[in-house]
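Each residue takes its place number in the sequence, starting with 1. Small disclaimer: the values here were computed from a predicted structure and weren't measured.
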Amino acid sequence: MLININQKDKRLLRVIRDYGCLFLCFAYVSPLKFEGDAGCNQLNSIFLDAINSNIISGDLNKDGDYDDAGEAEVLDHNRLARLFNLDVVYDGIHHDAIREIPENVKYVFGMYFWKGSHFVVLDKNKNVVFDPLVDSNTVKYGTLKTTRWYY
């Protein structure tokens with residue numbers, strides 16, 4: 001659960017602010033509470049632990065940023081979910097946005113695309129319930145392309 005923290009929060013690592021939308025979707029649905037400086041520090045720590053554990057890809061070419069192909073990507077959704085104390089299993093499929101979401105799905109993360117991709121948390125009717133960037137242009141002007149289902 002995120003309390004007054006979003007992807008624009010300057011207390012978060014730059015890589016989370018730039019590329020951490022999917023990561024923050026996990027934090028939003030987590031039973032853990034992330035609030036204030038302590039919550040941001042905890043999120044930063046989880047992100048770095050995930051990189052060190054090969055759950056999230058790091059700076060692959062060691063150039064000091066995470067803007068190259070394959071960098072800052074979630075490699076293991078199930079292990080990342082466990083870091084957030086979530087008891088879910090990812091089915092590993094990028095479902096087309098038009099597919100109906102089964103009743104037994106616990107969480108749905110949607111990938112919108114406009115000038116780039118951006119992840120949000122959706123309800124079962126595909127309404128946005130959490131946008132890590134808060135009212136992002138990608139959600140406003142973009143299109144829901146795929147959904148990720150967690151059982």
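Taking 4.5 Å as the limit, some side-chain heavy atom of Phe34 sits within range of a side-chain heavy atom of Ile46. Residues Pro31 and Asn85 are in side-chain contact: their nearest non-hydrogen atoms beyond the backbone lie under 4.5 Å apart. Between Tyr150 and Val89, every side-chain heavy-atom pair lies at or beyond the 4.5 Å cut-off. Here the side chains of Val29 and Leu86 are in contact, with some heavy-atom distance below 4.5 Å.
Considering all non-hydrogen atoms of both residues, Lys8 and Val134 come closest at NZ-O, 3.8 Å. Contact record, Gly58 with Tyr66: C-CE2, 3.5 Å, taken as the closest heavy-atom pair. Across Cys21 and Pro132, no two heavy atoms sit closer than the pair O-CG, 3.6 Å. For Ala81 against Val88, the heavy-atom pair with the smallest separation is CB-CG2, 3.7 Å. Contact record, Ala27 with Leu2: CB-CD2, 3.8 Å, taken as the closest heavy-atom pair.
Taking the six-membered ring where tryptophan is involved, the planes of Phe84 and Phe26 are essentially parallel, since the angle between them stays under 30° and well short of 60°.
With hydrophobic clusters built from ILVMFWY side chains whose heavy atoms lie under 4.5 angstrom apart, Phe130 shares a cluster with Phe23. A single hydrophobic cluster is not seen to contain both Met1 and Ile16; linkage of ILVMFWY side chains at heavy-atom distances under 4.5 Å, directly or through other members, places them apart. Residues Leu32 and Leu13 share a single hydrophobic cluster, defined by chaining ILVMFWY side chains whose heavy atoms lie under 4.5 Å apart. Note on Val74: it does not cluster hydrophobically with Leu133, by side-chain heavy-atom contacts below 4.5 Å among ILVMFWY residues. Leu80 and Tyr90 end up in the same hydrophobic cluster when Ile, Leu, Val, Met, Phe, Trp and Tyr side chains are linked at under 4.5 Å.
The list of side-chain hydrogen bond (donor to acceptor under 3.5 Å, both in side chains) pairs with a residue in residues 26-50, not counting sequence neighbours, reads Arg11-Asp37. Pairs of residues two or more places apart, or lying in two chains, that qualify as side-chain hydrogen bond (donor to acceptor under 3.5 Å, both in side chains) and include a residue from residues 15-27 are Arg14-Asp18.
When only modelled atom types and interatomic distance are considered, His94 and Arg148 share a side-chain donor-acceptor pair under 3.5 Å.
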side-chain contact (heavy atoms from CB on, under 4.5 Å) between Asn54 and Asp76, worked out: CA-CA 8 Å; Asn54 206 35; Asp76 191 328; over 6 Å; no
Evaluation steps, side-chain contact (heavy atoms from CB on, under 4.5 Å), between Leu43 and Leu24: CA-CA 9 Å; Leu43 288 167; Leu24 291 174; 4.2 Å; yes
Derivation of the side-chain contact (heavy atoms from CB on, under 4.5 Å) call for Asp59 and Asn61: CA-CA 6 Å; Asp59 180 10; Asn61 62 356; 3.1 Å; yes
Stepwise side-chain contact (heavy atoms from CB on, under 4.5 Å) test for Gln7 and Asp9: CA-CA 6 Å; Gln7 196 171 343; Asp9 197 309; over 6 Å; no
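Distance check: Lys126 NZ to Leu144 CG gives 7.0 Å after rounding to the nearest 0.5 Å. Here the CD1 atom belonging to Ile51 is positioned 7.5 Å from the OG atom belonging to Ser57, to the nearest 0.5 angstrom. With rounding to the nearest 0.5 angstrom, the CD1 atom of Ile55 is 15.0 Å from the CD atom of Glu73.
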Residues 98-122, side-chain donor-acceptor partners within the protein, below 3.5 Å, at least two apart:
from	atom 1	to	atom 2	distance (Å)
Arg99	NH1	His95	ND1	3.1
Lys106	NZ	Asp87	O	3.0
His118	NE2	Asp131	OD1	2.7

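Annotation for Lys10: atom NZ does not count as buried by contact number, only 12 or fewer foreign heavy atoms lying within 6.0 Å. Residue Asn52 qualifies as enclosed at atom CG: its count of foreign heavy atoms under 6.0 Å is above 12.
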